[in-house]
Structures are given as C-alpha cells and as structure tokens.
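Let me begin by presenting the structure, written as structure tokens, before commenting on it.
All figures in this text were calculated on a predicted structure; none of them were measured in a lab. For reference, positions follow the sequence shown, starting with 1.
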Amino acid sequence: MYQTPSHDFEYELNKDLNFSAAHHIPDARAGKCAKIHGHTYFVNMTIAGDTLDDLGFLVNFSDIKKLIDEAFDHTLLNDHTRFSDIPPTSETMAKTIYDMVEEYLDRLDNRPVCLQVVLRETPTSYVVYRPKEYRK
C-alpha cells in the first residue's frame, strides 16, 4: 500500500480504481512517448474528514469511480479540456484527478478532503500528488 500523509481527521478512506486511456507528450524530448500510446492507469486516492453523511459515508466510493471513469476511461487524454495547456504526463494527471475530486468533495455537506492521489502508469512507475495544504 501507499504511505498516507499524517493528519488529524477522524476518518480516512482509500479508493483504488483503474481506467484505460491513450496519450502522447507532444515534444521530441519525450522520446517514444511523443507517439500516441496507451496505459491502464491505476489510481489510489486518500480522502479524509470528520463527519459522515446521513447514510454513514464519508464519501460514496461509486461516485468517485464514476467521476474519473466518465472523464478519462477509453479516451485520448490530450483531447480532454483540462489538458489544453499542459501535456497529460503522470504528474499532471495525478494533479488533475486531485483537482476533480476536490471539486466534487467541495459540494458535499460533510466537507471531506482529498489528501493525496497516487497514479500508477506502469507496473514500475507511479506518481504521488499531495497538496501543500488541505482545506478544512
């Protein structure tokens, strides 16, 4: 499993999910990654908070999975509007997923927060994105 940042929230959940997508890094310095190619991405996200909703959830696992699947599964990541100004590298993907999850969590009455997103692009390569500060 992945290391979780230290926090003082009462609840912490981790959600694992995966999606398949293609991308390319449009720069010759990216080497063979400049050509369109695909990955099965594996994501782990850590969400924490102090208050459960009226169903007893910190957040509904299936809502988080749907959010990411509908945006990215079986797509060309370069076509996504969130990547119009930046290439879809593992690093920018992890931050983008974090931002999307935070936007979703901001709408919930119990106000959980995303502590980190881990994005695995290959069996041997992954990125961890953690914001410098968490909203409370």
Side-chain angles (χ1 to χ4, degrees):
M1 299 316 269
Y2 304 104
Q3 183 177 355
T4 303
S6 179
H7 62 81
D8 63 351
F9 293 104
E10 289 185 42
Y11 298 97
E12 173 185 312
L13 68 81
N14 281 272
K15 174 64 179 161
D16 292 320
L17 57 96
N18 64 284
F19 62 91
S20 297
H23 74 143
H24 64 97
I25 309 305
D27 190 301
R29 293 174 295 170
K32 66 182 181 177
C33 292
K35 295 179 182 178
I36 295 176
H37 62 284
H39 299 283
T40 297
Y41 291 91
F42 289 89
V43 180
N44 171 274
M45 61 189 71
T46 305
I47 297 172
D50 293 324
T51 306
L52 303 180
D53 67 14
D54 62 335
L55 292 175
F57 292 144
L58 183 61
V59 65
N60 188 322
F61 288 125
S62 63
D63 291 344
I64 296 294
K65 180 172 177 28
K66 182 179 177 183
L67 176 74
I68 303 307
D69 276 352
E70 286 183 356
F72 300 125
D73 193 37
H74 286 79
T75 65
L76 177 60
L77 298 174
N78 299 70
D79 290 344
H80 198 284
T81 58
R82 291 181 181 259
F83 298 110
S84 60
D85 295 327
I86 57 172
T89 63
S90 294
E91 294 86 348
T92 63
M93 278 294 299
K95 176 153 185 349
T96 296
I97 290 170
Y98 171 86
D99 291 342
M100 291 171 65
V101 170
E102 271 296 286
E103 289 166 13
Y104 169 77
L105 297 175
D106 278 345
R107 297 190 303 263
L108 301 180
D109 291 338
N110 61 327
R111 307 285 289 165
V113 297
C114 186
L115 301 181
Q116 70 181 14
V117 169
V118 179
L119 179 77
R120 183 173 289 280
E121 186 177 272
T122 70
T124 61
S125 303
Y126 71 92
V127 169
V128 178
Y129 175 79
R130 291 185 194 110
K132 290 192 179 272
E133 294 182 15
Y134 307 110
R135 75 169 158 74
K136 280 229 178 190

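Between E12 and T46, the closest side-chain pair of non-hydrogen atoms falls below 4.5 Å. Under the 4.5 Å side-chain criterion, counting only non-hydrogen atoms from C-beta, I47 is not in contact with K15. For the pair V59 and V101, the minimum side-chain heavy-atom distance is 4.5 Å or more.
Note: D50 CG to N110 CG = 10.0 Å, rounded to the nearest 0.5 Å. Remark: D54 CG to D109 CG distance equals 8.5 Å, nearest 0.5 Å. D63 contributes atom CG, which lies 7.5 Å from atom NZ of K66 (distance to the nearest 0.5 angstrom). Taken to the nearest 0.5 Å, the CG atom of N44 stands 11.0 Å off from the CD1 atom of I97. The CZ atom of F61 sits 11.0 Å away from the CE atom of M45 when rounded to the nearest 0.5 Å. Here CG of D69 is found 10.0 Å from NE2 of H74. Values are rounded to the nearest 0.5 Å.
Residues A48 and H7 come closest through the heavy atom pair CB-CE1, 4.2 Å. The shortest heavy-atom contact between L77 and F83 is O-CD1, 3.4 Å. Minimum interatomic distance between I36 and A22 (heavy atoms only, all atoms of both residues): CG2-CB, 4.2 Å. Between P87 and P26, the closest heavy-atom pair is CB-CD, 4.1 Å. For the residue pair E103 and R107, the shortest heavy atom distance occurs at O-NH1, 3.4 Å. Residue C114 comes nearest to Y98 through the heavy atom pair O-CE1, 3.2 Å, listed as atom of the first residue, atom of the second, then distance.
Residue pairs meeting the ring pair (Phe, Tyr, Trp, His ring centres under 6.0 Å) criterion with at least one member in residues 99-127, sequence neighbours excluded, are Y2-Y126.
The side-chain contact (heavy atoms from CB on, under 4.5 Å) check on S90 picks up L119, E121, V127, with sequence neighbours excluded. Under the ring-ring contact (aromatic ring centres under 6.0 Å, His included) criterion, H39 pairs with H23, H37, Y41, sequence neighbours left out. For the side-chain contact (heavy atoms from CB on, under 4.5 Å) test, residues two or more places apart in sequence or in another chain that qualify with P5 are L115, Q116, R130, Y134. Residues meeting the salt bridge (Lys or Arg N to Asp or Glu O under 4.0 Å) test with R29, sequence neighbours left out: D27.
Both L13 and I68 belong to a single network of hydrophobic side chains, linked directly or stepwise wherever heavy atoms of I, L, V, M, F, W or Y lie under 4.5 Å apart. Residues V128 and V43 are members of separate hydrophobic clusters, defined by side-chain heavy-atom contacts under 4.5 angstrom among Ile, Leu, Val, Met, Phe, Trp and Tyr. A continuous path of Ile, Leu, Val, Met, Phe, Trp and Tyr side chains, each step under 4.5 Å between heavy atoms, connects I64 with L108, placing both in one hydrophobic cluster. In the hydrophobic clustering of ILVMFWY residues, with side-chain heavy atoms under 4.5 Å counting as a link, V118 and L17 come out apart.
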Verify side-chain contact (heavy atoms from CB on, under 4.5 Å) between R82 and D99, making sure each step is shown before the conclusion.
CA-CA 10 Å; R82 291 181 181 259; D99 291 342; 4.2 Å; yes

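L55 belongs to a hydrophobic cluster with F57, counting contacts under 4.5 Å between side-chain heavy atoms of Ile, Leu, Val, Met, Phe, Trp and Tyr, direct or through other members.
Of the possible polar contacts, one joining the T92 side chain to the T89 backbone as a donor-acceptor pair under 3.5 Å is found.
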